[in-house]
> 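Here it is: the structure, laid out below.
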Amino acid sequence: MSERLPPGLHIVATPIGNLGDLSPRAADTLRFADRILVEDTRVTAKLLQHVGAKVPMTRYDDHSSAGERERIVAELGDRVIALVSDAGTPLISDPGYKLVRAARAAGHAVHTLPGPSAAVAALTLAGLPTDRFLFLGFLPAKAKARSDAIAEVAGVRATLVLYESGPRLGGTLAALAEELGSRDAAVVREISKMHEECVTGTLAELAIRYADAAPKGEIVVVVGPPAEVEAATDEALDAALREALLTLSPSRAAADVAQRLSLPRKRAYARALELAK
Ligand code: SAM
């Protein structure tokens, strides 16, 4: 057992781009742990080399078998086991929660070494309200499931934070614009790396910008909360829809009104269908 650290599970946040963001305490824990649980040994090997750590690594994720988890938990009473992910804070869209739960259930100590996480870092760059935010992780890949997931949170009065990849960014922004209407948003890319950037605009503007231009690198999308006008009354919605329905189909009328009143398109469409009857 390490002389310097208490036994138990140590959750260690690691840099999301800039190695200088590894805290001294995190570096010490990686050096003096008895074993490090990792997602990918090749990725973590570079970090260990950076801090001069020569500690055995074991692959671990939430799909690891219950038996494997039990073997790890059995060591926690007298050994220092560190858990890292490829980058950022373990458990945040990364493996670990089952292990933390199992360690606690067995009465072992769980320590955390807080540090970088792309979601929080993106919030600090986006310039959108941070008093309430909802982290959505990765949205589903399939279009219908993705739209449903967005519709589910359309009424939540909080800034939304989600992880995305370059090739899927355009489609996700278009789906967000369609379901959420006009909201301020930010595409935050390559945080703490050489090409860090934060592009802001409305969801519609960003959807157009990235429609045919998949950016490279790692991405967080931040979407501001619904505007106050979203509290538009049923009467205001009906009045706007009735007028729009004079010239437009229910679907077009709903899209138009939802955009103008900053309402979820689904709510406007359901009402447009009723009014069109
Ligand atoms: N646990 C990590 C954390 O705390 O941020 C997140 C792991 S998740 C599997 C990886 C996703 O995080 C990437 O696909 C990207 O959306 C986001 N991400 C990670 N590093 C990033 C960076 N440097 N800039 C922007 N987004 C990043």
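Counting starts at 1 for both ligands and their atoms, following the listed order.
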> When rounded to the nearest 0.5 angstrom, what is the spacing between CD1 in Ile36 and CG in Leu30?
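Going from CD1 on Ile36 over to CG on Leu30, the span is 4.5 Å.
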> Mind listing the side-chain donor-acceptor pairs of residues 269-277 below 3.5 Å, one per line with the distance, residues two or more places apart or on another chain?
| residue | atom | partner | partner atom | Å |
| --- | --- | --- | --- | --- |
| Arg271 | NE | Asp238 | OD1 | 2.7 |
| Arg271 | NE | Asp238 | OD2 | 3.3 |
| Arg271 | NH1 | Glu274 | OE1 | 2.6 |
| Arg271 | NH2 | Asp238 | OD2 | 2.8 |

> Using a heavy-atom cut-off of under 4.0 Å, does the side chain or the backbone of Asp86 touch ligand 1, or both, or neither?
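Looking at Asp86 and ligand 1, no heavy atom falls under 4.0 Å.
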> Does an N or O anywhere in Ala119 fall below 3.5 Å from an N or O of ligand 1?
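So ligand 1 has no N or O lying under 3.5 Å from an N or O of Ala119.
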> Side chain or backbone of Ala87 under 4.0 Å from ligand 1, or both, or neither, by non-hydrogen atoms?
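It is the backbone that touches ligand 1; the side chain stays farther off.
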> For ligand 1, indicate whether the residue Glu196 contacts it via side chain, backbone, both or neither (heavy-atom separation under 4.0 Å).
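It is neither; nothing of Glu196 touches ligand 1.
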> Measure Asp94 to ligand 1 on non-hydrogen atoms and call it side chain, backbone, both or neither using the 4.0 Å cut-off.
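Asp94 to ligand 1: side-chain contact only, backbone stays beyond 4.0 Å.
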> Could you establish whether Ser93 and ligand 1 come within less than 4.0 Å of each other, counting only heavy atoms on the residue side?
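In this structure, Ser93 qualifies as a contact of ligand 1 - some heavy atom is under 4.0 Å.
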> Within the 4.0 Å heavy-atom shell around Thr89, which atoms of ligand 1 are there?
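So the atoms of ligand 1 that pass are 1 (N), 3 (C), 4 (O).
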> Can you confirm, on distance only, whether ligand 1 has an N/O atom lying under 3.5 Å from any N/O atom belonging to Ile92?
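Yes.
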> With nothing but distance in play, are any N or O atoms of Gly88 less than 3.5 Å from an N or O of ligand 1?
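Among all N and O atoms of Gly88, none is under 3.5 Å from an N or O of ligand 1.
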> To check you understand the geometry: which heavy-atom pair defines the closest contact between Glu75 and Ile81, and what is its length?
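What the structure gives for the nearest pair is OE1-CD1, 3.3 Å.
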